[in-house]
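What follows is a set of notes on a single structure, which appears directly below.
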Amino acid sequence: MRVTPYSAPAKPRTFLNGWMYFGMMDRYCITEMIAPFCFGVAAFTSLGMAIGSIFELVRLITESGLPVLTAGQLFILRSPSIIVLTFPMSMLLATLLAYGRLSGDSELTALRSCGVSIYRLMVPAIALSLAITTVTFVFNEVVVPKANLQATQVLDRALNRDRPDFKQENILHQEYGQVEIQAADGTTTTQRGLVRLFYARRFDGRQMQGLTVLDFSQGALEQIVLAQSATWLQEKSTWLFENGTNYIVAADGNYRNILQFDRQEISISRAPLDLASNVRDADEMSIRELNRYLDVISSSGDEREVRKLRVRLQEKYAIPFVCLTFALVGAPLGLRPQRTSSSFGLGLSVLIIFGYYLVMFVSQALGQVGALGPTVAAWLPNVIGCCIGGFLVYRASQV
């Protein structure tokens with residue numbers, strides 16, 4: 001009698017087993033990308049600080065007598081603005097080196113032979129890039145503006161430069177809106193034009209002095225208000241003008257009436273106060289603060305400054321998503337079935353970074369001159385990068 005040896009029945013592959021298998025693969029790929037990402041942050045930050053900060057600080061130490069300890073403090077405070085730009089670069093380097101290493105050791109070939117598609121292999125890179133995108137956005141919104149503002153204040157104090165928290169002299173605000181224009185035949189049309197011109201000679205942080213307000217709300221100059229001082233009444237949302245004169249101007253340009261007053265409340269927006277109180281650069285403001293500042297100057301008629309700030313605002317949203325763009329570009333390049341060295345991946349990442357930021361600078365300039373809209377100018381490099389990444393993914397899937 002022939003005895004057949006017992007063999008256990010094959011364990012069926014369940015959905016849970018498959019999920020655990022892919023979970024292990026994802027963790028393995030992400031682990032492979034962590035070390036190159038950290039290396040990229042350190043390397044690109046060192047390079048950026050050397051080019052953008054160290055040379056300037058050395059010049060300030062030798063020429064302006066900046067204390068060495070203050071220079072070290074400035075070096076630390078300026079580093080967040082450089083680090084936030086290195087996150088996308090490091091994401092690109094991480095995908096190139098990690099997938100390149102897996103491809104060079106034939107591990108990707110083994111995974112492909114098991115039926116794992118290119119698209120599935122890219123999931124860990126996409127997941128990690130989205131996580132880094134979130135970190136970049138929060139870092140750029142919370143840490144960078146405060147660090148830049150503090151760096152500016154430290155440098156001004158060290159060099160004995162007086163930079164108050166508000167504009168002290170010659171506050172000028174032009175308010176534009178819809179005004180009624182009367183034609184020669186008596187018809188009236190409405191079009192955008194100068195509504196009000198606000199000027200204050202001095203501002204002490206609470207009260208404005210030496211004020212002149214010209215009212216053009218009806219198309220032509222209708223009244224002139226002169227006052228020694230004015231204070232913003234927050235509870236009433238009006239200005240309290242003191243010791244002034246109100247000149248009512250007739251259609252022929254003569255004064256129709258002259259009224260002197262000791263105190264008079266005038267309904268004008270608080271835009272001049274906000275304009276005088278906010279003298280920071282866009283890099284020193286969060287998205288909320290920049291939006292508030294844009295609301296102030298959007299009616300000023302300075303279209304060039306408004307366009308510039310709108311582009312900068314959109315860039316605060318777009319820059320973190322460069323991490324995702326670079327992951328889409330770097331992953332299919334690393335997935336190519338060929339053996340490459342780490343130096344090749346580093347050199348390729350530098351070329352891609354240079355090309356991307358060249359497109360970004362050109363797009364930013366076109367947005368500031370009005371050739372492109374602010375949203376298009378800020379997001380166009382990401383769109384181009386994602387299109388290139390999608391094409392590379394498609395090509396890699398055909399191999």
Residues 40-47 side chain polar contacts: donor-acceptor under 3.5 Å, at least two apart:
{"from": "T45", "atom 1": "OG1", "to": "V41", "atom 2": "O", "distance (Å)": "2.5"}
{"from": "T45", "atom 1": "OG1", "to": "T86", "atom 2": "OG1", "distance (Å)": "3.4"}
{"from": "S46", "atom 1": "OG", "to": "A42", "atom 2": "O", "distance (Å)": "2.7"}

### Query
Would you call K316 and D283 a salt bridge, taking side-chain N to carboxylate O under 4.0 Å as the test?
no
### Message
I'd like to check the side-chain hydrogen bond (donor to acceptor under 3.5 Å, both in side chains) partners of R310; sequence neighbours left out, ordered by chain and number.
### Response
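Here no residue qualifies.
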### Message
Is there a path of hydrophobic side-chain contacts, each under 4.5 Å between heavy atoms of I/L/V/M/F/W/Y residues, joining Y119 to L121?
### Response
yes
### Query
Out of curiosity, does V311 fall in the hydrophobic cluster containing V322 (side-chain heavy atoms, cut-off under 4.5 Å, transitive links)?
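No: no chain of side-chain contacts under 4.5 Å links V322 to V311.
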### Query
Which word best sums up how the rings of F361 and Y357 line up, parallel for under 30°, tilted for 30 to 60°, or perpendicular for over 60°?
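Taking Y357 first and then F361, their aromatic rings sit tilted (interplane angle of 30° to 60°).
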Do [X] and [Y] have side chains that approach each other closer than 4.5 Å (heavy atoms only, starting at C-beta)?
X	Y	result
T325	L92	no
P124	Y99	yes
D262	N243	yes
L309	L313	no

Should we count [atom1] of [X] as having more than 12 external heavy atoms under 6.0 Å?
X	atom1	result
F391	CZ	no
L69	CG	no
F216	CZ	yes
Y28	OH	yes

### Task
Return the set of residues passing salt bridge (Lys or Arg N to Asp or Glu O under 4.0 Å) with E242 (not counting sequence neighbours), or none when no residue passes.
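Once residues adjacent in sequence are excluded, the partners of E242 under the salt bridge (Lys or Arg N to Asp or Glu O under 4.0 Å) criterion are R263.
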### Query
Listed by chain and number, what are the salt bridge (Lys or Arg N to Asp or Glu O under 4.0 Å) partners of E235, not counting sequence neighbours?
none
### Query
What's the verdict on side chain to side chain contact (heavy atoms under 4.5 Å, CB included) for V84 and I319, showing C-alpha distance, side-chain angles and the deciding distance?
CA-CA 9 Å; V84 77; I319 286 179; 5.5 Å; no
Please tabulate, one pair per line, all N/O donor-acceptor pairs under 3.5 Å involving side-chain atoms of residues 221-228, not counting sequence neighbours.
{"from": "Q223", "atom 1": "OE1", "to": "N246", "atom 2": "ND2", "distance (Å)": "3.3"}
{"from": "Q223", "atom 1": "NE2", "to": "D215", "atom 2": "OD2", "distance (Å)": "3.2"}

For residues 374-384, dump all side-chain donor-acceptor pairs below 3.5 Å to protein atoms at least two apart in sequence or in another chain.
{"from": "W379", "atom 1": "NE1", "to": "Q314", "atom 2": "OE1", "distance (Å)": "3.3"}
{"from": "N382", "atom 1": "OD1", "to": "Y356", "atom 2": "OH", "distance (Å)": "2.4"}
{"from": "N382", "atom 1": "ND2", "to": "A318", "atom 2": "O", "distance (Å)": "3.0"}

